[in-house]
Amino acid sequence: MTDRYILAVESSCDETSVAILKNDDILLSNIIASQIESHKRFGGVVPEVASRHHVEVITTCFDDALQEAGIEPSDLSAVAVTYGPGLVGALLVGLAAAKAFAWANGLPLIPVNHMAGHLMAAREQQDLQYPLMALLVSGGHTELVYVTEPGAYHIVGETRDDAVGEAYDKVGRVMGLTYPAGREIDQLAHQGKDCYHFPRAMIKEDHLEFSFSGLKSAFINLYHNAQQKGEVLVIEDLCASFQAATLDILLAKTKKALAKYPSKMLVVAGGVAANQGLRERLANDIIDLDVVIPPLRLCGDNAGMIALAAAVEYEKKSFANLDLNAKPSLAFDSLY
Ligand code: KG4
Ligand code: ZN
């Protein structure tokens with residue numbers, strides 16, 4: 001059998017990334033140009049700034065990915081690209097580049113859902129067994145996804161308001177931490193204790209939906225009230241209390257999902273899957289099931305994960321025409 005090489009492109013938010021995957025799961029290169037320094041001073045991603053940066057670096061990312069992999073365009077079998085969900089202007093830059101490259105080199109185009117990419121990053125870690133349950137936690141999404149077979153994704157629960165990463169970043173901003181604040185809060189949480197007892201929304205309810213806006217508001221109110229009264233809050237304890245509430249909610253709903261849907265493994269993916277506290281809780285609480293978490297380098301946004309999801313689509317010949325458009329609100333189908 002001849003080797004198969006897929007070039008993948010990701011530009012849905014603030015990372016421009018191009019990767020080359022050999023066969024099923026060998027990532028030969030995964031170039032990631034991060035724009036975080038440009039967005040930090042605004043405390044979040046500015047869409048127009050993101051699009052401009054993507055335009056500036058995308059061709060260099062293509063060249064670097066091919067060079068690092070030691071691959072010529074003529075060696076490739078397909079081009080994969082994230083077409084949603086994400087920022088429309090940002091998505092369009094990656095899409096235009098991927099389509100032009102696919103057309104120029106006579107290659108099929110594989111459209112990939114960004115969240116499927118996060119999930120399928122786990123394939124680099126180990127072979128996946130189906131059906132599986134996935135907890136996807138990122139800056140824009142918090143969802144439980146039941147995967148019945150390769151490439152068949154069904155949402156069984158999601159957040160009604162804020163995504164978990166978004167809640168981390170917002171409370172981080174209130175405490176004066178730099179964006180994105182998830183990693184720093186995680187580190188501070190390990191030095192403090194859960195003494196503020198924040199609410200755990202809907203934790204006892206049977207459904208699989210999440211809510212983080214009440215937790216975020218409780219945190220912000222406590223912080224501002226203390227400031228007005230001149231009270232000193234221990235930042236490590238605040239972070240530990242926020243993280244404990246977050247993890248209690250994530251674990252409770254994940255366990256309910258596993259009880260409801262027969263699953264051969266649990267995949268936990270997305271930027272927040274980098275959280276050390278979450279990894280510790282999963283190791284402690286989920287003992288009778290294989291838990292697969294992508295390696296840290298594949299947790300944040302990157303094109304390697306898009307290539308890993310695309311390999312599954314390639315087998316099914318799920319190719320798109322060149323009129324493929326960006327879908328900023330692209331979602332999996334829903335089972336609830
Ligand atoms: O998946 P991702 O890179 O981008 C999106 O698709 O949204 O996720 C970024 C999010 C940010 O909100 C960031 O604060 C959060 O992931 N994050 C973390 C950690 N590392 C990144 N949250 C909690 N703990 C971490 N260690
Ligand atoms: Zn993401």
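When a ligand or atom number is given, it counts from 1 through the structure's own listing order. Remember, predicted model here, so these are calculated numbers, not experimental data. Sequential numbering from 1 along the given sequence is applied to the chain's residues.
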*Asks:* So between Gly139, Gly300, Pro85, whose heavy atom ends up nearest atom 9 (C) of ligand 1?
*Replies:* Gly139
*Asks:* For Arg52, what residues pass the salt bridge (charged side-chain N to carboxylate O under 4.0 Å, His left out) criterion, not counting sequence neighbours?
*Replies:*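 Expected list: Glu48.
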*Asks:* Passes side-chain contact (heavy atoms from CB on, under 4.5 Å), Val156 versus Lys260? Steps please.
*Replies:* CA-CA 10 Å; Val156 295; Lys260 193 163 172 197; over 6 Å; no
*Asks:* Ignoring hydrogens, what is the shortest heavy-atom contact between Ser11 and Ala90? Give both atom names and the distance.
*Replies:* OG-O, 2.7 Å
*Asks:* Does Gln276 approach ligand 1 within less than 4.0 angstrom via side chain, backbone, both or neither, non-hydrogen atoms only?
*Replies:* neither
*Asks:* Salt bridge check: are Glu158 and Lys253 linked by an N-O gap of less than 4.0 Å?
*Replies:*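 No, Glu158 and Lys253 are not salt-bridged.
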*Asks:* Show all protein N/O/S atoms under 2.8 Å from the Zn ion (ligand 2), or state that there are none.
*Replies:* His114 NE2, His118 NE2, Asp301 OD1
*Asks:* Counting from 1, what ligand 1 atoms have a heavy atom of His118 closer than 4.0 Å?
*Replies:*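 Listed by number with element: 1 (O), 6 (O).
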*Asks:* Can you sort out the partners of Glu166 under salt bridge (charged side-chain N to carboxylate O under 4.0 Å, His left out), two or more places apart, ordered by chain and number?
*Replies:*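 Glu166 satisfies salt bridge (charged side-chain N to carboxylate O under 4.0 Å, His left out) with Lys170 once adjacent residues are dropped.
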*Asks:* Under 3.5 Å, which donor-acceptor pairs link side chains of residues 265-273 to any protein atom two or more places apart or in another chain?
*Replies:*
none

*Asks:* Could you tell me how the ring of Phe242 sits relative to the ring of Phe219: parallel (under 30°), tilted (30 to 60°) or perpendicular (over 60°)?
*Replies:* perpendicular
*Asks:* Are any of the heavy atoms in Gln187 under 4.0 Å away from ligand 1?
*Replies:* no
*Asks:* Check ligand 1 against Gly140 and write out every atom of the ligand that is under 4.0 Å from a heavy-atom position of the residue.
*Replies:*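 Contacts of ligand 1 toward Gly140, numbered from 1: 7 (O).
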*Asks:* For ligand 1, which atoms, with element, lie under 4.0 Å from some heavy atom of Gly165?
*Replies:* 12 (O)
*Asks:* We want to know whether Thr82 and His114 form a side-chain donor-acceptor pair, criterion being a heavy-atom distance below 3.5 angstrom.
*Replies:* no
*Asks:* Between atom CG of Asn23 and atom OH of Tyr5, what is the distance when rounded to the nearest 0.5 Å?
*Replies:* 7.0 Å
*Asks:* Against heavy atoms of Pro180, which atoms of ligand 1 measure under 4.0 Å?
*Replies:*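 Per the distance check, 13 (C), 14 (O).
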*Asks:* For residues Ala309 and Ala116, report the shortest heavy-atom separation together with the two atoms involved.
*Replies:*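 For Ala309 and Ala116, the tightest heavy-atom pair comes out as CB-O, 3.9 Å.
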*Asks:* Non-hydrogen atoms of Cys13 versus ligand 1: any pair closer than 4.0 Å?
*Replies:* no
*Asks:* Of Gly277, Gly182, Gly271, which has the heavy atom at the shortest distance from atom 21 (C) of ligand 1?
*Replies:*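 It is Gly271 whose heavy atom sits nearest to atom 21 (C) of ligand 1.
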*Asks:* In terms of residue, atom name and distance, what is the protein heavy atom nearest to atom 15 (C) of ligand 1?
*Replies:*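 Scanning the protein heavy atoms, the shortest distance from atom 15 (C) of ligand 1 goes to Val272 CG2, 3.9 Å.
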*Asks:* Strictly under 4.0 Å, does any heavy atom of Glu15 approach an atom of ligand 1?
*Replies:*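 The answer is no, since Glu15 has no heavy atom less than 4.0 Å from ligand 1.
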*Asks:* Could you go step by step and tell me if Lys264 and Asp290 meet the salt bridge (charged side-chain N to carboxylate O under 4.0 Å, His left out) rule?
*Replies:* CA-CA 7 Å; Lys264 293 199 176 139; Asp290 248 359; over 6 Å; no
*Asks:* Which one of Asp186, Val164, Asp169, Asn275 has a non-hydrogen atom at the shortest distance from atom 23 (C) of ligand 1?
*Replies:*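 Result: the heavy atom closest to atom 23 (C) of ligand 1 is in Asn275.
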*Asks:* So Tyr146 and Tyr261, would you call those rings parallel, tilted or perpendicular, with 30° and 60° as cut-offs?
*Replies:* tilted
*Asks:* Distance to 0.1 Å, residue and atom name: give those for the protein heavy atom nearest to atom 2 (P) of ligand 1.
*Replies:* Asp301 OD1, 3.5 Å
